[in-house]
Amino acid sequence: MQNYPIFVDLNQQRCLMVGGGPVALRKIRLMRLAEADITVIAPELCDDLRTEFGDSITHVQREFADDDIHGYRLITAATNVPAVNKRVSELAQAANIPVNVVDQPELCSFITPSIVDRSPVLIAISTGGGAPVLARMLRAKLEAFIPASYGDLAATMSRYRDALKNAMPDERDRRMFWEKIVQGPVAELFFSGRKQEAEQALQSRIDRSPTADNAVGEVWLIGAGPGDPDLLTFRALRLMQQADVVLYDRLVSDDILNLCRRDADRIYVGKRRADHAVPQGEINQRLVDLAKEGKSVVRLKGGDPFIFGRGGEEIELLAQSGVPFQIVPGITAASGCATYAGIPLTHRDYAQSCMFVTGHLKDGSVDLNWPLLATPNQTVVIYMGLVGLPSICKNLIAHGVMETMPIALIEQGTTQRQRVFTGQLCDFSESIKDQSIKAPTLIIIGEVVSLQQNLAWFKPQGQ
Ligand code: SAH
């Protein structure tokens with residue numbers, strides 16, 4: 001091991017910073033979070049440093065002099081004069097004061113790691129000063145996986161330590177208890193911001209009150225986005241990795257499904273080969289039953305559960321049955337497909353509003369408010385519109401939309417199989433009829449489609 005890791009208590013400790021530029025500012029920010037008493041020696045402070053910390057640091061306005069190093073717990077040099085940095089390092093090391101020269105590991109007696117701060121939880125990452133980019137990348141990964149309210153959870157756990165010790169004298173029992181807490185519904189309550197409920201749940205589990213171990217699980221209704229697994233949210237991924245069982249339908253790709261906990265049972269509730277979907281009522285009931293067995297149930301939906309996703313219907317029964325649930329938004333197809341196709345849904349020059357509609361056929365006809373859809377300066381996004389496309393185009397033209405209005409169809413948007421077809425309203429359905437188009441597809445109509453030519457950026461492999 002090249003360095004010995006320690007965490008230093010700097011609260012009210014005198015620390016010296018030589019240099020007053022932006023590099024010094026970055027380090028000062030961190031030291032101030034640790035409540036250090038900071039003296040800055042520099043002929044000038046940069047504006048940001050003066051505005052942010054002018055009142056909370058001591059500024060000695062001059063060049064560094066050899067005698068300056070005495071009386072400090074830590075010294076940092078961040079000037080742009082190599083000779084000064086080197087001199088600070090030599091003097092500090094001769095006086096046995098830990099010293100850091102920013103970005104020059106060979107002049108440092110300590111280095112500062114990349115950190116993930118969920119105080120009181122603090123994670124430090126170091127590559128020995130040699131590959132800071134790698135440390136930053138690791139940091140980003142950890143940031144993504146550790147919920148923002150982890151610190152709250154840790155602080156609460158530490159407050160309840162004694163209470164648990166009294167209630168549960170055996171150390172092994174306590175460890176198992178905490179393991180269940182940090183991986184279960186109590187922690188999830190914290191992460192979703194319901195701190196008070198979380199504490200109550202924790203307290204009742206410690207008290208072993210009758211409600212403590214009631215076996216009701218929880219349902220997480222999660223938006224899986226339009227296809228590209230990278231478009232999942234952090235929360236979606238975290239909950240997926242805790243699932244006991246996952247109910248999913250046709251729009252959820254294998255790539256996304258594979259990100260669920262490996263041991264989770266998978267239940268397909270989409271359309272069967274005979275085009276026969278599991279009835280909605282049955283899905284709703286299934287969610288309730290599984291949760292009542294004490295399971296953590298993930299209900300994965302394509303896109304966003306609240307946009308043409310029947311999310312509302314699925315949670316209604318949960319709410320009535322007293323089953324706890326959370327809803328995680330996802331990127332809806334309109335947003336994902338438009339972005340990956342290079343079509344801005346709004347644009348100051350072309351569209352001041354945007355409308356999402358379903359083109360699902362009702363009684364054999366497309367049942368839409370045509371005058372509203374034909375309003376100028378707006379973008380219309382049609383979900384489930386492929387079958388009704390000829391009738392949609394015809395109706396729009398009949399209600400005054402220009403025959404040359406740009407239109408796009410995005411097939412399997414955001415995936416490696418994405419294809420984008422563009423054309424004009426009057427002959428579009430004719431022009432794509434030989435393309436053997438596969439579901440799912442999204443239709444976008446509006447002037448903004450004309451921008452696609454210049455803005456298309458996403459190139460699926462092999463295209
Ligand atoms: N809740 C989903 C929509 C479900 S309705 C969401 O928010 O996206 C299903 C329709 O969504 C499909 O018929 C299609 O029109 C659209 N859709 C979903 N994913 C898509 C994708 N990757 N590419 C194109 N269209 C998609």
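All residue numbers refer to positions in the sequence shown, counting from 1. Whatever order the structure lists them in is the order used to number ligands and atoms, beginning at 1.
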**Asked** Do Cys260 and Arg266 come within less than 4.5 Å of each other through their side chains, counting heavy atoms only?
**Response** no
**Message:** Give the atom numbers and elements of ligand 1 that come within less than 4.0 Å of a heavy atom of Gln412.
**Reply:** 22 (N), 23 (N)
**Asked** Hey, what do you get for NZ (Lys27) to OG1 (Thr76), rounding to the nearest 0.5 Å?
**Response** 7.5 Å
**Nitrogen or oxygen of Tyr383 less than 3.5 angstrom from that of ligand 1** = no
**Request:** In plain terms, say whether Arg50 and Asp47 are close enough for a salt bridge, that is, a side-chain N and a carboxylate O under 4.0 Å apart.
**Result:** yes
**Closest approach of any protein heavy atom to atom 15 (O) of ligand 1, naming residue and atom** = Thr441 O, 2.6 Å
**Message:** Polar contacts were defined as any N/O atom of the residue lying under 3.5 Å from an N/O atom of the ligand; does this apply to Ile307 and ligand 1?
**Reply:** yes
**Asked** Relative to the heavy atoms of Ile410, which atoms of ligand 1 are at a distance of less than 4.0 Å?
**Response** 24 (C)
**Request:** Keeping the roles fixed (side chain from Asp244, backbone from Ser296), state whether a donor-acceptor pair exists under 3.5 Å.
**Result:** yes
**Asked** ligand 1 versus Gln418, non-hydrogen atoms closer than 4.0 Å: side chain, backbone, both, neither?
**Response** neither
**Message:** Does either side chain, that of Ser192 or that of Arg194, offer a donor lying less than 3.5 Å from an acceptor on the other one?
**Reply:** yes
**Item:** Ion pair check, Arg174 and Glu171, cut-off under 4.0 Å
**Value:** no
**Asked** Would you call Glu143-Arg139 a salt bridge at under 4.0 Å N-O?
**Response** yes
**Any N or O of Met384 closer than 3.5 Å to N or O of ligand 1** = yes
**Request:** Kindly confirm or rule out an N or O of Leu251 lying under 3.5 angstrom from an N or O of ligand 1.
**Result:** no
**Asked** Under 4.0 Å from any heavy atom of Ala333, which atoms of ligand 1 are there?
**Response** 6 (C), 7 (O), 8 (O), 16 (C), 17 (N), 18 (C), 19 (N), 20 (C), 26 (C)
**Message:** Could you check whether Asp170 pairs with Arg175 (Lys NZ or Arg NE/NH1/NH2 to Asp/Glu carboxylate O, under 4.0 Å)?
**Reply:** no
**Fill in**
In ligand 1, the atoms that come under 4.0 Å of a heavy atom of Gly302 are 1 (N), 2 (C), 6 (C)
**Prompt:** Any N or O on Ile382 sitting closer than 3.5 Å to an N or O of ligand 1?
**Reply:** no
**Request:** Write out the residue and atom name of the closest protein heavy atom to atom 20 (C) of ligand 1, then the distance separating them to 0.1 Å.
**Result:** Pro440 CG, 3.5 Å
**Asked** In terms of atom number and element, which parts of ligand 1 are under 4.0 angstrom from non-hydrogen atoms of Thr332?
**Response** 6 (C), 7 (O), 8 (O)
**Heavy-atom side-chain proximity of Glu314 to Leu318 below 4.5 angstrom** = no
**Request:** Number the atoms of ligand 1 from 1 as they appear, then name those within less than 4.0 Å of a heavy atom of Leu442, with their elements.
**Result:** 24 (C), 25 (N)
**Asked** Considering distance alone, does some N or O of Glu411 sit under 3.5 Å from an N or O of ligand 1?
**Response** no
**Request:** Would you indicate whether the side-chain heavy atoms of Gln242 and Trp220 approach each other to under 4.5 Å?
**Result:** yes
**Numbered atoms and elements of ligand 1 in range of Pro226, under 4.0 angstrom, heavy atoms** = 21 (C), 22 (N)
**Geometric N/O contact Gly385 with ligand 1, under 3.5 angstrom** = no
**Asked** Can you tell me if Glu411 and Gln435 form a side-chain donor-acceptor pair at under 3.5 Å?
**Response** no
**Request:** Just need the protein heavy atom nearest to atom 23 (N) of ligand 1, so name the residue and atom and give the distance.
**Result:** Gly413 N, 2.8 Å
**Prompt:** Less than 4.5 Å apart, any side-chain heavy atom of Ile283 and any of Arg310?
**Reply:** no
**Distance from atom 4 (C) of ligand 1 to nearest protein heavy atom, with residue and atom** = Phe308 O, 3.2 Å
**Prompt:** Within the structure, does Thr414 bring an N/O atom to less than 3.5 angstrom of an N/O atom in ligand 1?
**Reply:** no
**Fill in**
Near Cys337 (heavy-atom distance under 4.0 Å), the atoms of ligand 1 are 21 (C), 23 (N), 24 (C)
**Asked** Tyr383 vs Phe356 aromatic rings, parallel, tilted or perpendicular, using cut-offs 30° and 60°?
**Response** tilted
**Prompt:** With a 4.0 Å heavy-atom cut-off (strictly under), which part of Leu386 contacts ligand 1: side chain, backbone, both or neither?
**Reply:** neither
